[in-house]
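Given the structure is predicted, the values throughout are model-derived calculations rather than measurements. What's counted below: heavy atoms across the whole structure, side chains too, no hydrogens, waters or symmetry copies. Letters A, B, ... are given to chains in the order of the sequence lines, protein chains preceding strands, and every chain is numbered from 1.
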Number of protein chains: 2
Amino acid sequence: MPATIRDIARESGVSISTVSYVLNGGPKPVSTGVKERVISVAKRLGYHPNAVARGLSRRRMDTLGIIYTYWDVNTTDFYFLSVLHGILGACMRHKQASTLFTSRHWEESDEAVPQYSDGRCDGIIVIGPPEDCNLVQVLAERKVPTVVINAVLGQQNVSCVDVDNVASMKTITGHLLALGHKRIALLTGEQNMQSCNLRTIGFNAACDEFRIPISDRHIVVGRYRSDSGYERASRLMDLPEEVRPTAICCTNDAIASGVIAAVTDRGLRVPGDVSVTGFDDVADATMCRVPITTIRQPFSRLGGEAVSMLLQVLNGNAVASSTLLPTELVVRSSTAPPPQ
Amino acid sequence: MPATIRDIARESGVSISTVSYVLNGGPKPVSTGVKERVISVAKRLGYHPNAVARGLSRRRMDTLGIIYTYWDVNTTDFYFLSVLHGILGACMRHKQASTLFTSRHWEESDEAVPQYSDGRCDGIIVIGPPEDCNLVQVLAERKVPTVVINAVLGQQNVSCVDVDNVASMKTITGHLLALGHKRIALLTGEQNMQSCNLRTIGFNAACDEFRIPISDRHIVVGRYRSDSGYERASRLMDLPEEVRPTAICCTNDAIASGVIAAVTDRGLRVPGDVSVTGFDDVADATMCRVPITTIRQPFSRLGGEAVSMLLQVLNGNAVASSTLLPTELVVRSSTAPPPQ
DNA sequence: CTGAAAGCGCTTACAG
DNA sequence: CTGAAAGCGCTTACAG
């Protein structure tokens, strides 16, 4: 049994109120003598406050809930994990604990909403919800302080943090176009992800600017996974050479790595025959078969912003708001001018 | 303000005790009529129990703490993340929430011990503590139910789960030896990690069995990181060809990926000139420049075992114990017979 | 079968 | 400056 505030009170001959005042530095002042006595007893007893009791009393656990959903148990999703890493760093700096809620699907996370607002967390960070899930809406209805990473929702009272997907995709597509590519494919992720749609808009905007006609753009919707990239790229590589794209723009690095595998497995070279770009910059550059030209997401800042926005709301210092963070184009070895 | 048990009691004209009995299905029986009334009122009020209040009363939060330490903010450590993923899956299955404690260094996590036992978690899972850290010892002294992943410590009352490092390393080294390699290097990780030492033992055991003399083994201690692998491999490649190793055995995949980069950057081929092996099987096979022959860690099972061992202890159904899980050799494209 | 009461360990108005 | 008391929302012996 760990020592309680009551033990300290008894041992030092004061009331538990006074012990509490000393330990919390308030709300009432305490004379130096008493203060010292209490502190020394607390130290002797190896006292440490019970966070649950304190939380019940204060209605504040200094804990942030993270809702993270993975599609497939066997796939480690590096985007989520990188964001998670950023959030944890920020929690550390802000002295917040974090509770992780995982479920296999977003529908499952939906049912678990009561859990998210059962008092153990003060607020919630949702990573990458799809547009057609109503988790965020339900959280908002329950008035659970919430911030969403990887989507900007119009939801009242919900904060959002994301990178500027349109501008980022325009930049990296522009990089390919500036290299001289004319036939260019876009492999997207799931269409119910806002990022997928925004990135497609950015891609098209860049093509329009470079006056690439629609028919020279192959847009293939799929999933944010390497196997999906592999499969789609294989089909593109089967096209006659004169219509085959010379560049493949992917909406994340996983897709891009699948594409690179598919292209090289057919005996074609990246970037000699086909240029490939990614998005996220999740994996070690050295880990890739061909180091990928990609868009670097500011994972620490994403986490940092999410945490501090949430704390602002929790402390009543701000209302919900949305922020778009800038990204950085990272040029590596998977892009080059088109053949000849 | 969410509804409380008191609101339900008032609305349904019974005492809060009765409400509690109904909601928990005990410990006392309740008549069907009352039961139905209470349940319908609870539903109408959108009631969900406050986990903090319940936790304080029950002294059980159904929450497992995970202590995870990363060395470098800018490096996402895939081993930790994979284990984490396994643990989270297991928590989900066992209806446990999880709280993540991160700190930059193990010394930091040491100071935070009071936090780990402040009531918010029922038990602790420590991922990959080095041998020279006393976190686990302190946890044991405080009688915090603890299970360690990635080390088998002799600590009383602490459970441990790990793979059989010696056997695994013997297997993968044996794979290289069976291919005919005679000059073979071992690049290890940090020497204060138990896994490093055990894997070295396994490596040596395999070499002894194949009668490879000590002088034909280059053992180079370093870090579990790709840059450390890159640097050490570069030096090995500078050796005169007749003493240069034809195979490099790495104690994790990150090191191996650095080695592959170093070897190919010098114009040598993997596995044509040098075979390379890893350990862990963390990254997508397709993500690597050369898909790595490695040892697959059973990440889900590691997490699953850790969680269920901890719950057994928490429920008083078992005492602390240790388990070694089997691994699997995964042969990919980074290994082949030595040149000529 | 139902309820009044004590208790989990803390915080914090309210008195003195 | 110090303390008695109520309260946070729940559980659970203890009576009836």
Side-chain angles (χ1 to χ4, degrees), chain A residues 1-39 41-42 45-63 97 114-115 117-122 142, chain B residues 1-39 41-42 45-63 97 114-115 117-122 142:
Chain A
M1 289 297 97
T4 71
I5 208 177
R6 176 164 270 106
D7 298 323
I8 300 177
R10 188 174 4 84
E11 297 267 321
S12 46
V14 295
S15 73
I16 61 164
S17 320
T18 302
V19 174
S20 174
Y21 299 151
V22 172
L23 264 26
N24 294 308
K28 288 296 174 65
V30 179
S31 68
T32 332
V34 171
K35 200 179 290 183
E36 279 170 0
R37 201 162 70 232
V38 168
I39 287 175
V41 171
L45 263 41
Y47 173 80
H48 193 79
N50 180 304
V52 180
R54 160 180 285 200
L56 179 60
S57 176
R58 279 206 190 156
R59 272 91 152 266
R60 181 81 179 250
M61 287 294 281
D62 291 324
T63 299
Q115 256 204 59
S117 57
D118 68 3
R120 92 176 59 219
C121 301
D122 306 315
R142 290 211 171 219
Chain B
M1 290 294 98
T4 71
I5 207 177
R6 177 163 268 107
D7 298 322
I8 300 177
R10 188 172 5 84
E11 298 266 322
S12 46
V14 296
S15 73
I16 61 164
S17 320
T18 303
V19 175
S20 176
Y21 299 151
V22 173
L23 264 24
N24 294 309
K28 289 295 173 64
V30 178
S31 68
T32 332
V34 171
K35 200 180 289 183
E36 280 170 358
R37 203 163 67 230
V38 167
I39 288 176
V41 171
L45 264 40
Y47 174 79
H48 193 79
N50 180 304
V52 180
R54 160 179 284 198
L56 179 60
S57 176
R58 280 203 188 159
R59 271 90 154 268
R60 181 81 178 252
M61 288 294 283
D62 290 326
T63 299
Q115 256 204 61
S117 56
D118 68 3
R120 90 177 61 219
C121 303
D122 306 316
R142 290 210 170 220

*Asks:* Going by side-chain contact (heavy atoms from CB on, under 4.5 Å), name the residues that satisfy it together with Thr63(B), two or more places apart in sequence or in a different chain.
*Replies:* Arg120(A), Met61(B), Ala97(B), Thr99(B), Cys121(B)

*Asks:* What's the CE-P distance between Met61(B) and dT11(D), to the nearest Å?
*Replies:* 13 Å

*Asks:* Find the distance between CZ (Arg37(B)) and CD1 (Ile8(B)) and round it off to the nearest 0.5 Å.
*Replies:* 13.0 Å

*Asks:* Can you give the dot-bracket line for DNA chain C, where a pair is Watson-Crick or G-U wobble with both atom distances under 3.5 Å, crossing pairs use [ ], and | marks a partner on another strand?
*Replies:* |||.||||||||.|||

*Asks:* Whole angstroms only, please: what is the CG-P distance between Leu56(B) and dG9(C)?
*Replies:* 7 Å

*Asks:* Tell me whether the OP1 or OP2 atom of dG9(C) has a side-chain N or O from Arg54(A) closer than 4.0 Å.
*Replies:* no

*Asks:* List the residues meeting side-chain contact (heavy atoms from CB on, under 4.5 Å) with Arg10(B), not counting sequence neighbours, and say none if there are none.
*Replies:* Asp7(B)

*Asks:* With Gln115(A), which residues qualify under side chain to side chain donor-acceptor pair (under 3.5 Å), at least two apart?
*Replies:* none

*Asks:* Let me confirm one number: the CZ-CG distance from Arg54(B) to Leu56(A), rounded to the nearest 0.5 Å.
*Replies:* 13.5 Å

*Asks:* What N/O pairs connect the protein and nucleotides 3-6 of chain C at under 3.5 Å? Give each pair on its own line.
*Replies:*
residue: dG3(C); atom: OP2; partner: Ser15(B); partner atom: N; Å: 3.1
residue: dG3(C); atom: OP2; partner: Ser15(B); partner atom: OG; Å: 3.4
residue: dG3(C); atom: OP2; partner: Thr18(B); partner atom: OG1; Å: 2.8
residue: dG3(C); atom: O6; partner: Tyr21(B); partner atom: OH; Å: 2.8
residue: dA4(C); atom: N7; partner: Ser17(B); partner atom: OG; Å: 3.3
residue: dA4(C); atom: N6; partner: Ser17(B); partner atom: OG; Å: 2.7

*Asks:* For Ser20(A) and Ser17(A): C-alpha separation, side-chain torsions, deciding distance, then whether side chain to side chain donor-acceptor pair (under 3.5 Å) applies.
*Replies:* CA-CA 5 Å; Ser20(A) 174; Ser17(A) 320; over 6 Å; no

*Asks:* Round to the nearest Å and state the distance from Arg58(B) atom CZ to dG9(C) atom C1'.
*Replies:* 18 Å

*Asks:* Could you tell me whether the phosphate oxygens of dC8(D), OP1 or OP2, come under 4.0 Å of any side-chain nitrogen or oxygen in Asn50(B)?
*Replies:* no

*Asks:* Can a side chain N or O of Arg59(B) be found less than 4.0 Å away from OP1 or OP2 on dG9(C)?
*Replies:* yes

*Asks:* In chain order, what residues pass the side chain to side chain donor-acceptor pair (under 3.5 Å) check against Ser117(A), with sequence neighbours excluded?
*Replies:* none

*Asks:* So, taking the atom named OG1 in Thr4(B) and the one named CD1 in Ile16(B), what distance separates them when rounded to the nearest 0.5 Å?
*Replies:* 8.5 Å

